[in-house]
4 protein chains.
Amino acid sequence: MTEPDTPTRILAAADELFGEIGYDGVSVRDIAERAGVNKALVFYHFGSKDELFARILDRYYTEHQRALERAFEADLPVRERLHRVMDAYIDYISENRHYPRLVQRLVAGSGAHMAPIKDNLGALFQSTVEALEDIAPTAGPYSARHFFVTFSGAVINYFTYAPVLAPVWGGDPLSDEGIDERRAHLHWLVDAMLGGMRPPG
Amino acid sequence: MTEPDTPTRILAAADELFGEIGYDGVSVRDIAERAGVNKALVFYHFGSKDELFARILDRYYTEHQRALERAFEADLPVRERLHRVMDAYIDYISENRHYPRLVQRLVAGSGAHMAPIKDNLGALFQSTVEALEDIAPTAGPYSARHFFVTFSGAVINYFTYAPVLAPVWGGDPLSDEGIDERRAHLHWLVDAMLGGMRPPG
Amino acid sequence: MTEPDTPTRILAAADELFGEIGYDGVSVRDIAERAGVNKALVFYHFGSKDELFARILDRYYTEHQRALERAFEADLPVRERLHRVMDAYIDYISENRHYPRLVQRLVAGSGAHMAPIKDNLGALFQSTVEALEDIAPTAGPYSARHFFVTFSGAVINYFTYAPVLAPVWGGDPLSDEGIDERRAHLHWLVDAMLGGMRPPG
Amino acid sequence: MTEPDTPTRILAAADELFGEIGYDGVSVRDIAERAGVNKALVFYHFGSKDELFARILDRYYTEHQRALERAFEADLPVRERLHRVMDAYIDYISENRHYPRLVQRLVAGSGAHMAPIKDNLGALFQSTVEALEDIAPTAGPYSARHFFVTFSGAVINYFTYAPVLAPVWGGDPLSDEGIDERRAHLHWLVDAMLGGMRPPG
DNA sequence: GATGAATGAGTATTCATTCAT
DNA sequence: TATGAATGAATACTCATTCAT
C-alpha cells in the first residue's frame with residue numbers, strides 16, 4: 001500500500017505514454033509530469049530518454065520470451081504445444097496492452113530501436129519453426145515461416161486494431177468476452193493451419 | 001523525362017519519410033531537404049505539416065478503397081470474389097510499400113489522425129462482412145468479423161514485419177518470388193477460412 | 001460605380017489594417033488579401049511595406065495640415081480663429097477615424113516613422129503658438145505650448161479612448177450626438193484656456 | 001548591489017522593449033538579449049511572450065490604481081481631492097515612463113490585450129465620475145465624463161508627445177523643471193474645469 | 001536522491017521581398 | 001500589370017540534456 005519509488009513511477013508513466021503515443025511524440029517533460037517527479041530525475045535514474053525506452057522494451061521482451069518459452073518447453077505433442085503457446089501469447093498481450101502497440105509501431109518505424117526487436121522476434125520465429133520442423137516444410141506457401149507470420153499477426157493485430165474497429169465491431173472487442181471469442185477463433189486457426197500443413201519431403 | 005514539379009517532389013519526399021519514420025519523427029526540414037526545395041515551399045504548397053500528411057493519407061485511402069471496390073464488385077461466386085479481393089489487396093500493398101507502415105503506425109498510435117483511418121478500415125470491414133453474410137454468422141469465433149481481422153493482418157503484417165524478419169527468413173521476403181509465395185499462402189488461408197465457416201442459423 | 005483600381009484598393013486595405021492593428025501586426029499578405037489583389041502587386045505599386053505605410057501617413061499629414069491651415073488663415077480675431085481651428089480638427093478626425101489611432105501609436109512607438117510625425121506635429125505646434133503669441137507667454141504654465149498639448153490631447157484622445165470607454169460611457173461616444181457633445185465641451189475648453197491665459201509681459 | 005536574478009532581468013528588459021517599441025515589434029530574442037539570458041529562459045520563467053506582457057501590464061495597472069486610490073480616499077473637499085489625484089497621476093507616470101506609452105499603444109491598437117485595459121480605465125473613470133457627482137452633471141458637455149477624458153489626456157499625452165515635441169519645445173519637456181511647469185498647468189486645468197462645472201439639476 | 005535553473009539545437013510556421021512568366 | 005512560385009531570415013516555442021545546490 002506504500003507509494004511506489006521514483007524509478008518505478010517513471011517506468012510506469014513512460015510505459016503508458018510510449019505505449020499510447022510513441023517514442024517521438026512523447027517528451028521527457030510529459031513523462032516526468034505524469035509520474036509526478038522532477039524532470040531531472042528521469043535522467044538521474046535512466047541516463048537518457050533512449051535508455052528509458054530501451055529499459056521498457058527490454059522488460060517486455062524478456063517477459064514475453066519467458067512466457068512463450070515456458071509454453072514451448074512442455075513435453076507435449078506438437079498440436080497441444082502450439083495451443084499452449086497460443087494461449088500464452090494471448091494471455092501475455094491481453095495483460096500488457098501497451099506492448100503490442102509498442103511492437104507494432106517499432107516494426108513499422110525507422111531503424112532506431114530495431115536491433116532488440118529483431119533479436120526478440122527472431123528468437124520467437126526460430127522457436128516456432130523448430131517446433132514445426134517435423135510437420136511443416138521449411139519453404140513454400142505451407143512452410144512454418146508463413147504460418148508464423150499469419151499466426152502472430154492474427155494475435156497482435158486483434159489487439160492493435162481493436163480501438164479502431166470498436167465502433168463497427170458490435171460490442172467491446174477488448175472485453176473479457178470479446179477476448180474469449182477471439183481466443184476460440186485463434187485456436188481454430190491453429191488447427192486449420194495444422195490441417196493445411198504438409199509434412200516436408 | 002522532365003523534372004517533376006515542386007508539389008510532386010514534396011509529396012514524394014514526404015511519402016518516403018512519413019512511410020519510413022512516421023509523422024512525429026520527421027521534420028518539415030527533412031522533407032524539404034529530401035525534396036530539394038526550400039522549406040517555406042512546403043507551407044506555400046500544402047499549408048502545414050498536418051495537411052501534407054493528410055494529403056498523403058487521403059490518396060492512399062482513396063486508391064486502396066477503389067482497388068478493393070473494383071474487386072468486390074465483380075459478379076462472381078463468393079469464393080472467387082474473395083480470392084480476387086485478396087489479390088487486389090496484395091497487389092495494392094506490394095505496389096505501395098509505405099502504405100502498410102503508415103497504417104500500422106497510425107493504428108498503433110495516438111488519436112491524431114484516427115478519424116480517416118476509422119472511416120477507411122470501417123468501410124473495408126463492412127464490405128467484407130456483407131460479402132460473407134450468407135456463409136458466416138455475424139457473431140462468435142467463426143463470424144465474418146474475426147475472419148476480417150485475421151485476413152487483413154495476414155496480408156499487412158507480412159509487409160510490415162518483412163524488414164525485421166529478413167535476417168532469419170531465408171531469402172528476401174519482399175522479392176517477387178517471396179511475395180508470390182506469400183500470395184499462395186494467403187489464398188490457402190482464404191480457402192481454409194471458407195472451410196471453417198459455418199452458415200448462420 | 002466602377003471598381004477602384006489596384007493601387008487604390010491596396011491603399012484602402014492598408015489604411016484599414018494599419019489603422020486598426022498597427023504596422024508591426026499587419027503583414028503584406030493581410031493587406032493583399034483584404035484588397036483582393038495579388039501580394040506581389042503591393043510591391044509592384046508601392047515598393048515596400050514601409051513605403052506603403054509612408055504613403056498613407058503622408059496623405060493624412062497633408063490633408064490634416066491643409067484643413068487646419070485653411071482654418072488658421074481666416075482673417076478673424078484670435079478667439080474666433082481658434083474655434084474654427086478646433087472645429088476643423090474635430091471634423092477632420094471624425095471623418096478619418098484611423099488617423100488618430102495611427103498617430104497615437106506612432107507617437108507612443110519606436111523611432112521608425114518618427115521623422116514625418118515630428119515635421120507634422122511641429123508645424124501644427126508652431127502655427128498654434130504663433131496664433132497665440134499676442135495673448136499667451138512663450139514659457140511657463142500658461143504658455144501657448146502647454147495649451148497646445150492639452151488642446152490636441154483633448155481632441156485626439158476622445159477618439160482613441162472611445163472604444164475602450166464605450167462600455168462605461170453611457171451611449172455611443174462616436175455617434176453624431178456623442179461627437180456633438182464633445183464638440184461643445186471642446187469649445188468650452190478653448191474659452192476656458194483663453195480666459196486662463198495671461199498676456200506676455 | 002548584487003546582480004538581479006533572471007526573472008527580474010527579463011521583466012526589466014521586457015518592460016523597456018515593450019515600452020519603447022510595442023508588443024508586435026519586439027521579439028523574445030530581443031528581450032533575452034537585452035536581459036543577457038538564454039532565450040529559452042524567458043519561456044521557462046514566464047510561459048509565453050503573451051504572459052510576460054500580461055505580467056508587466058498587471059503590475060502597472062495594480063500600482064497605478066493603488067496610487068490613485070490612495071489619493072482619492074483622503075477625507076478632503078472635492079477640490080483638494082482632485083488636486084491630490086492629479087499629483088498622484090503625474091507622479092506615477094513620471095516615475096514610470098514606459099507606462100503611458102504602453103497604455104497609449106494598447107488603446108490605439110487591436111483587441112488583443114484590451115480586456116485588462118478596459119477594466120483599468122473603467123475603474124478610474126468611475127472613481128472620477130463618482131468623486132464629481134455632487135458638482136457635475138452626468139451627461140452633456142460639462143459632465144464628469146468629458147472632464148475625465150480631457151483630464152487624463154492632458155496628463156498622459158504630455159508624456160507621450162514629449163519626445164516628438166522636444167525639438168520645437170524649447171528645453172527638455174521631461175526634465176524636472178519641465179514636469180513641474182506641466183504640473184502647474186494641470187492644476188490650473190483642474191481649477192478651470194471646476195469653475196466650468198455646473199451642479200446637476 | 002531531488003530540485004530549479006540553465007543551455008543550444010531543434011520545432012512548425014510566417015515574414016518581406018524577388019523573380020520569371 | 002498581374003501572377004504563382006521561390007527564398008532566407010525571422011517568428012514563438014519545445015527539446016533532451018546538464019549542473020549547481
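Everything numeric here is computed off the predicted structure, so don't read it as measured data. Chain naming here is simple, since letters A, B, ... match the order of the sequence lines and numbering starts at 1 in each.
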Polar side-chain atom of C:T8 near backbone of C:P4 as donor-acceptor pair, under 3.5 Å: no
N/O donor-acceptor pair under 3.5 Å between C:R101 side chain and C:T160 backbone: no
Interatomic distance where [atom1] belongs to [X] and [atom2] belongs to [N] [whole Å]:
{"X": "B:D5", "N": "E:dA20", "atom1": "CG", "atom2": "C1'", "result": "16 Å"}
{"X": "B:R29", "N": "F:dT7", "atom1": "CZ", "atom2": "P", "result": "16 Å"}
{"X": "A:L17", "N": "F:dC15", "atom1": "CG", "atom2": "P", "result": "12 Å"}
{"X": "B:F46", "N": "E:dA12", "atom1": "CZ", "atom2": "P", "result": "16 Å"}
{"X": "D:E51", "N": "F:dA12", "atom1": "CD", "atom2": "C1'", "result": "13 Å"}
{"X": "B:R9", "N": "F:dA5", "atom1": "CZ", "atom2": "P", "result": "15 Å"}
{"X": "A:E33", "N": "E:dT3", "atom1": "CD", "atom2": "P", "result": "14 Å"}
{"X": "D:F53", "N": "F:dA12", "atom1": "CZ", "atom2": "C1'", "result": "16 Å"}

Closest to the [X] side chain, choosing from [options]:
{"X": "B:F43", "options": "E:dT13, F:dT14, F:dG4", "result": "E:dT13"}
{"X": "A:L41", "options": "F:dT1, E:dT3, F:dG4", "result": "E:dT3"}
{"X": "D:K39", "options": "F:dC19, E:dC15, F:dC13", "result": "F:dC13"}
{"X": "A:S48", "options": "E:dG1, F:dT17, E:dT7", "result": "F:dT17"}

First encountered from the 5' end of DNA chain F, between D:G25 and A:D50: D:G25
Whichever of D:D24 and C:A40 has its nearest DNA chain F nucleotide further upstream toward 5': C:A40
Is there a side-chain contact between [X] and the phosphate of [N], meaning an N or O under 4.0 Å from OP1 or OP2?
{"X": "B:H45", "N": "F:dA6", "value": "yes"}
{"X": "A:N38", "N": "E:dG1", "value": "no"}
{"X": "B:Y44", "N": "F:dA6", "value": "no"}
{"X": "B:S27", "N": "E:dG10", "value": "no"}
{"X": "B:T6", "N": "F:dA6", "value": "yes"}

Touch class at under 4.0 angstrom, heavy-atom based, for B:V26 against every strand present: sugar-phosphate
Under the side chain to side chain donor-acceptor pair (under 3.5 Å) test, residues paired with C:E33 that sit two or more places apart: none
By side chain to side chain donor-acceptor pair (under 3.5 Å) - contacts of A:N120 (at least two apart): A:Q65
Over 12 foreign heavy atoms within 6.0 Å of CZ, A:R34: yes
More than 12 heavy atoms from other groups under 6.0 Å of CZ on C:R55: no
Earlier contact from the 5' end, DNA chain E, for B:D30 and C:D30: B:D30
A:F18 six-ring centre to A:K49 NZ/CZ under 6.0 Å and within 45° of normal: no
Identified stems (criterion: three or more consecutive Watson-Crick or G-U pairs, under 3.5 Å), DNA chain F: E:2-21 with F:2-21
Chi angles and distances behind the side chain to side chain donor-acceptor pair (under 3.5 Å) call for D:H113, D:D50: CA-CA 9 Å; D:H113 285 269; D:D50 215 74; 3.3 Å; yes
Rounded P spacing from E:dG1 to F:dT21 in Å: 22 Å
Pair of N/O donor and acceptor under 3.5 Å linking E:dT17 base with C:K49 side chain: no
